[in-house]
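Right, one structure below, let's go through it.
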Amino acid sequence: MKQQIEKLLADAVASLPDVADHPELQSLRPELERARDAKHGDYASNIAMQLARPLRRKPRDIANDIIDQLGSSELLAGVEIAGPGFINFRLADTAYNSELRAILQAGKTYGHGGSGAGHRLIVEFVSANPTGPLHVGHGRHAAYGASVANLLSAAGYDVHREYYVNDAGRQMDILAVSLWLRMYELNDTPLDFPVGGYQGDYVREIASQALADGARDLLPDGGNLLDDLPPDNPAGADVYLDALIARARERLGDEGFDRLLRIAADAILADIKDDLAEFGVVFDEWFSERSLMDSGAIDRALDRVQTNGHTYSKDGAIWFRATEFGDEKDRVVIRENGRTTYFASDIAYHLQKRERGFGTLVDILGADHHGYVARVRAGLQAVGESPDCLEVDLVQFVVLYRGKDKVQMSTRSGEFETLRKLRDEVGDDAARLFFVSRSNDQHLDFDLELAKSRSNENPVYYIQYAHARICSVLRELEERGLQWAQERGSNNLDRLSETHEVELRQILCRYPEILALAARQRAPQHVVHYLRELAQALHTYYNAHRFIVDDDELRDARLLLVLATRQVLRNGLDMIGVSAPASM
RNA sequence: GCCCCGGUAGCUCAGCUGGAUAGAGCGUCCGCCUCCUAAGCGGAAGGUCCCAGGUUCGAAUCCUGGUCGGGGCACCA
């Protein structure tokens, strides 16, 4: 609807004689915005005021000329000039009514647009290290990323959802030795557990399962296992861990150590997958960092950086000249010990995404990764890709509170709140909605006690209740032995003249604009706020009028309006992964 | 020190490419169920949009400088 009016306006502006004389104005695309106040009609444009300066004319005079050029359209019930030079457009009832019919006709796809058609896009999100269960912060990433992916998909993009699995590197080694020592412990040969190890109980559970699965051969005689290692204390934890990892590799061989590592990683990853699936977050691909090493992708990427002349050696390491591309310092890609860095994997990974044919690479990352954005952009340029293909959306932290107390979170110490626990406490629907109801670059204070104690007052129920109410009306209709006659409703939409009906209809027809906006801005919170508004309009209508009335024509028209509302509620809730129950 | 994000009602937050009288939820106060679900509706109270400049016909929104809060500046991932 909006697009049609925009087209009319654009044509009218282009046909103004003095605009034709200004070549620089040819590319100007007049834009419409929703009028905030119903007095101002449905849409307003400020184009006349924008033209006033270049044309050296009064805004209201220009507006007048534009309106003359507009001619008449059956979409419009009125066009007028207001205030300093706004042009206000009032849509015709017939335009609104055909949009109502379009809602039911389009069903699940109502509101979808085509702005992203033909464009392949990859959204990478969550990508938590498989070193422990997901915590609350990951839940926010999951909810946000999944919603953004849905929105982009609805905007017509060909969207690929991906989780990057960091199954290589030092953190995994630490996890492996943590598991190893827990297995000794459960095998009645307890050894001192490193202060820097992963202390969570889940490691014990994996150890127990591993032993049950017959992994006892990974436990050579433990008597002198920890002899001659450096002292383990908080200050020297890293040195100690390195020595411990080296000892494990020495005793088990690379193959044995690798098995140990895989047992841990596979178990944790399986748990993460279950957790996310239950949360309604699904991925097209779980992409392994290790596979980049095994396939030689990292070496190839580094070769390319080197060939392009962007590396040098210093202190026994190979450095990437990131400063050439605007990063604040150069970065190591191959360590003194010969191993590639995580950053090297990242260059290869992003290059590889491009090679898989994605036009835009969307990374959804924690706010603590902001320093890393310039680095990856630099890396992309060094391998000959445009830095503009990468879009990074940072998600600010979730700060957990229990009442007034901040809950400290650290995966290694095992003191943290898991996503699973949160889901159990507040429910999947409430958690999904809560996580996306705030802008991603806003810190999120999450009070667990509040969320728990008020679970019945959560806004999610308000929206879901509107949906359930409509379903309930239909059940009532059936109980009374009546049927909704779509045709009759459709032919009598002009009977919907109550203020509440006009308002509800207007809100419904705004849905496509909201979706487009939310997709463009990667801002699912717009959908949440919209749904609340829509639910409110429905509740108000419900309280003011009865839908099941004796007058067949009016009843069927009202039911059409209400069914369209149900459809849009469903579609919107679906975007953010929240269910639409038929009864509550 | 440098970089990123934020500061809007008592609390938690929306506010789209600058636009007409700044919004919602919670909390507080007053009303509404012989009627399709009261997890609902109607009404009231509540504001120095952090501060100071600037740009503009017009600034919560853009720019500059402060200030307060969170985060980041590894041969960790």
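In what follows, every chain begins at residue 1, and chains take the letters A, B, ... in the order their sequences are listed.
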| note | Of rG25(B), rC36(B), rG70(B), the nucleotide closest to the side chain of I548(A) is rC36(B)
| field | Complement of rG1(B), any strand, by Watson-Crick or G-U distances under 3.5 angstrom | value | rC73(B)
| task | In whole angstrom, give the distance that lies between atom CD1 of I507(A) and atom P of rG23(B). | result | 15 Å
| task | Would you mind reading off the distance between Q521(A) atom CD and rA14(B) atom C1', rounded to a whole angstrom? | result | 12 Å
| query | Can you tell me how far CD1 of I174(A) sits from CG of L261(A), rounded to the nearest 0.5 angstrom? | reply | 11.0 Å
| query | Under 4.0 Å between a side-chain N/O of Q396(A) and OP1 or OP2 of rG71(B), yes or no? | reply | no
| Relative to each other, are the rings of Y312(A) and W319(A) parallel, tilted or perpendicular (30° and 60° limits)? | parallel
| Per-pair stack call F86(A) and rA20(B), 5.5 Å, 30° | yes
| task | Report yes if the distance between the aromatic ring centroids of H526(A) and H529(A) is under 6.0 Å, otherwise no. | result | no
| query | Considering only side-chain heavy atoms of R546(A), which listed nucleotide, rA77(B), rA20(B), rC36(B), is closest? | reply | rC36(B)
| Side chain of Q442(A): nearest nucleotide among rA24(B), rC41(B), rA14(B)? | rA14(B)
| Salt bridge or not for R290(A) and D258(A), using N-O below 4.0 Å? | yes
| task | For rC49(B) and rC36(B), measure between their P atoms and round to the nearest Å. | result | 47 Å
| request: State the pairing partner of rC57(B); accept Watson-Crick or G-U wobble contacts with both distances under 3.5 Å, and report none otherwise. | output: rG19(B)
| said: If you only use heavy atoms from C-beta on, which nucleotide in rC41(B), rG72(B), rA74(B) is closest to the side chain of D368(A)? | reply: rG72(B)
| request: Would you indicate which nucleotide in rC36(B), rA77(B), rG25(B) comes nearest to any side-chain atom of V473(A)? | output: rC36(B)
| message | Once you apply a heavy-atom cut-off of 4.0 Å, does A168(A) come out as touching a base, just sugar-phosphate, or nothing? | response | sugar-phosphate
| note | Pairing partner of rA14(B), by Watson-Crick or G-U wobble and under 3.5 Å for both distances, is none
| Ion pair D327(A)/R377(A), N-O distance below 4.0 Å | no
| remark: Which of rA20(B), rC41(B), rC73(B) is nearest the side chain of Q536(A)? It is rC41(B)
| note | Looking only at rG25(B), rG19(B), rC13(B), the nucleotide nearest the R532(A) side chain is rG25(B)
| field | Opposite nucleotide pairing with rC36(B), Watson-Crick or G-U, both atom distances under 3.5 Å | value | none
| Under 5.5 Å between ring centres and under 30° between planes: true for H369(A) and the base of rG72(B)? | no
| task | Give a yes/no on whether any side-chain N or O of T540(A) is located under 4.0 angstrom from OP1 or OP2 of rG42(B). | result | yes
| F397(A) has an atom CZ; how far is it from atom C1' of rC4(B), in whole Å? | 11 Å
| said: Taking rU8(B) as the reference, what is the distance to rC16(B) when you measure between their P atoms (whole Å, please)? | reply: 16 Å
| note | Against the side chain of N166(A), the closest entry in rG15(B), rC36(B), rA77(B) is rA77(B)
| note | Checking N1-N3 plus N6-O4 or O6-N4 for Watson-Crick, or N1-O2 and O6-N3 for wobble, each under 3.5 Å, the partner of rA44(B) is rU28(B)
| request: Please determine if a side-chain N or O atom of Y462(A) lies less than 4.0 Å away from the OP1 or OP2 oxygen of rC41(B). | output: yes
| message | Strictly by Watson-Crick or wobble contacts shorter than 3.5 Å, is anything paired with rC49(B), and which nucleotide is it? | response | none
| query | Whole Å only: how far is the CG atom of L365(A) from the P atom of rG71(B)? | reply | 18 Å
| query | Y542(A) side chain: which of rA77(B), rA38(B), rC16(B) is closest? | reply | rA38(B)
| field | Pairwise C1' distance, rC50(B) and rG69(B) [rounded to whole Å] | value | 11 Å
| task | Could you tell me whether the phosphate oxygens of rG19(B), OP1 or OP2, come under 4.0 Å of any side-chain nitrogen or oxygen in Q50(A)? | result | no
| field | rC75(B) OP1/OP2 closer than 4.0 Å to side-chain N/O of K314(A) | value | no
| query | For Q536(A) and Y541(A), does a side-chain donor sit closer than 3.5 Å to a side-chain acceptor? | reply | no
| field | Donor-acceptor pair under 3.5 Å, N46(A) side chain vs rG19(B) base | value | yes
| Within the modelled atom types, does a donor on one side and an acceptor on the other bring the side chain of H370(A) and the base of rC3(B) under 3.5 Å apart? | yes
| What distance, rounded to whole Å, do you find between the two C1' atoms, one in rG15(B) and one in rA60(B)? | 8 Å
| Hey, is R495(A) close enough to D556(A) for a salt bridge, meaning N to O under 4.0 Å? | no
| said: Using atom C1' in both nucleotides, what's the gap between rG31(B) and rG70(B) to the nearest angstrom? | reply: 44 Å
| query | If the P atom of rG1(B) is compared with that of rA45(B), how far apart are they to the nearest Å? | reply | 47 Å
| message | Looking at rG6(B), which nucleotide sits across from it as a Watson-Crick or G-U wobble partner, both distances under 3.5 angstrom, or is there none? | response | rC68(B)
| For Y542(A), is the NZ or CZ atom of R546(A) found under 6.0 angstrom from the centre of its six-membered ring and inside 45 degrees of the ring axis? | no
| field | From rA39(B), rA20(B), rG40(B), nucleotide with atom closest to M584(A) side chain | value | rA39(B)
| said: Using the C1' atom as the point on both nucleotides, what is the distance between rA22(B) and rC30(B), in whole Å? | reply: 26 Å
| Using the P atom in both, what is the distance from rG25(B) to rG40(B), to the nearest Å? | 11 Å
| message | Would you say R469(A) places a side-chain N or O within less than 4.0 Å of OP1 or OP2 belonging to rA38(B)? | response | yes
| How close or far is atom C1' of rG19(B) from atom CD1 of I47(A), stated in whole angstroms? | 14 Å
